[in-house]
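Notes follow once the structure below has been shown.
Every chain is numbered from 1, with letters handed out A, B, ... down the list of sequences.
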There are 2 protein chains.
Amino acid sequence: MGDTSGLGEPTLEEQIAAYQREFQDLDPQVEKIVNALSRLNRRMNVAYGRQTAELGITNADWEVLKALVLSGAPYRMGPGDLAKRLGLTPAAMTHRIDRMVTEGLVDRERDETNRVRVIVELTSAGREKWLEAMRLATVFEEDLLQDLAPDERVMLGEVLTRLLRRVEHAQPDAGGRLSDLD
Amino acid sequence: MGDTSGLGEPTLEEQIAAYQREFQDLDPQVEKIVNALSRLNRRMNVAYGRQTAELGITNADWEVLKALVLSGAPYRMGPGDLAKRLGLTPAAMTHRIDRMVTEGLVDRERDETNRVRVIVELTSAGREKWLEAMRLATVFEEDLLQDLAPDERVMLGEVLTRLLRRVEHAQPDAGGRLSDLD
DNA sequence: AAGCTAAAGTTCGATGCTAAAGACTACATA
DNA sequence: TATGTAGTCTTTAGCATCGAACTTTAGCTT
């Protein structure tokens, strides 16, 4: 008992209560924050996934496009750098690029100055896809934060970056195999 | 150039600047919050992954143990319910349970009252693993929030649950195939 | 009671990932 | 110039996942 919707997921409050029932020495305030962060992130990823699907690409594609665009003009990176940036193995990057080349989102060519290197370059179609995805994403994000007053937004941003600084300092960029960048 | 550490990841500030450079009509405040949320979550998952690895289990195992424990004594669920709870297909659940049975974390038996059903039950070893994982997790979580004053914690919890309520109301539990529960 | 329908779980084929091995290129050194 | 060495990408083998087909069981319907 206690499950609100069928079995999909208990409410956050129910879940915290269950944690307290099964584990002593638990700070409900901490658990509330941490679990809300996780859930929020999952919901955001679901939303992004819907939007990219709507555009005919995958979240995986979107990540690559994002990395290329954010690298700045002329929107070129090597597969190895892309892999590091996205937290993938180079092997996975090879296949991902294979697919994206056939989809026309990026071009792959050999670096003529160093023929062991490969250059992945954003196509104009790829850049356009990224822009469309960004338009959808920003609408969703603005809607998500709609209920927050301006000063709450400032405060939230400040607190989150403080947490981030703490955890990034603690684990100074260990090759985190847990994708889902930014 | 702007990249702080090799290529692993730009700082949050650098990234926001890149977004603004490549995309007009962007609210940096919103983007800061959203990107901080994503990064924070990824770092947390990396940390949890290290801890579970330390205990000789995977994050996948941990999710299943969590669902079983939080379901309350006698810590039994069907594979289908577990799959819904974790956002997996029943097929994936079958294999995951196979592995966890051989690891001694759960037992699998047929339901005698309805022989098409299967019951997955937490073993005492499984419960003990979950408790150990929780001990590690709570230490990490408390450390993460260490710099937050009590009133900041209250505020953060309140704001996050407000965001969560908004997004959960918007997508009322669509079978989000994006794992990483709670 | 026989057969239909729905539900639960497993099996099958394909995809994407990792880790490790392999192939190729550039650069340094002798 | 020959060769070792490091770096970059690709290939291979193994594993987890998904979507869909399949098997088994329970409960209805007639």
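Donor-acceptor pairing under 3.5 Å is lacking for the side chains of Thr123(A) and Asp107(A). Side-chain contact of Asp61(A) with Thr58(A): a donor-acceptor pair under 3.5 Å is present, judged by distance alone.
Spacing between atom NE2 of His95(B) and atom P of dG9(C) amounts to 14 Å, rounded to whole angstrom units. Atom CG of Leu88(B) and atom C1' of dG9(C) are 15 Å apart (whole Å). dT10(C) atom P lies 13 Å from atom CD1 of Ile119(B), rounded to whole Å. When the P atom of dT10(C) is taken as reference, atom CG of Asp111(B) falls 13 Å away, rounded to whole Å. Taking atom CD1 of residue Ile97(A) and atom C1' of nucleotide dG16(C), one finds them 14 Å apart after rounding to whole Å. In this entry the distance linking CZ of Arg99(B) with C1' of dT17(D) reads 12 Å, nearest Å. Atom CG of Asp98(A) is separated from atom C1' of dC17(C) by 14 Å (rounded to the nearest Å). For Asn114(B) and dT24(D), the CG to P distance is 15 Å, given to the nearest whole Å.
Here the nucleotide nearest the side chain of Val116(A), chosen from dT11(D), dT25(C), dA7(C), is dT25(C). When each of dA26(D), dA19(C), dT17(D) is scored by its nearest atom to the side-chain atoms of Arg115(B), the top-ranked nucleotide is dA26(D). In the set dC9(D), dT10(C), dA20(C), the nucleotide with an atom closest to the side chain of Pro90(B) is dT10(C). Of the candidate nucleotides dT18(C), dC9(D), dG7(D), dT18(C) has the atom lying nearest to any side-chain atom of Thr89(A).
Applying the salt bridge (charged side-chain N to carboxylate O under 4.0 Å, His left out) rule to pairs touching residues 149-164 of chain B yields Glu152(A)-Arg162(B), Arg162(A)-Glu152(B), Glu142(B)-Arg153(B), Glu158(B)-Arg162(B), sequence neighbours excluded.
Pro79(A) comes within 4.0 angstrom of sugar-phosphate atoms only, judged by non-hydrogen atoms across all strands, and of no base. Arg110(B) comes within contact range of no nucleotide atom at all, as no heavy-atom separation falls under 4.0 Å. Using a 4.0 Å heavy-atom distance criterion, Ala92(A) is classed as a base contact.
Electrostatic pairing of Asp25(A) and Arg135(B) does not count as a salt bridge here, judged by no charged N lying under 4.0 Å from a carboxylate O. The pair Arg115(B)-Glu112(B) counts as a salt bridge, with a side-chain nitrogen and a carboxylate oxygen less than 4.0 angstrom apart. With respect to the salt-bridge test (charged N to carboxylate O, under 4.0 angstrom), the residues Glu9(B) and Arg42(B) qualify.
For the pair Arg108(A) and dT10(D), the criterion of a side-chain N or O lying under 4.0 Å from OP1 or OP2 is met.
Counting heavy atoms from C-beta outward, Asp27(B) and Thr138(A) have side chains that stay 4.5 Å or more apart.
Summary of helix geometry: the two end axes of the helix from dA1(C)-dT30(D) to dA30(C)-dT1(D), each defined by five base pairs via their C1' atoms, are inclined to each other by 10° (rounded to 10°).
Comparing Glu112(A) and Ala60(A) along DNA chain C, the residue whose closest nucleotide (by nearest heavy atom) sits nearer the 5' end is Ala60(A).
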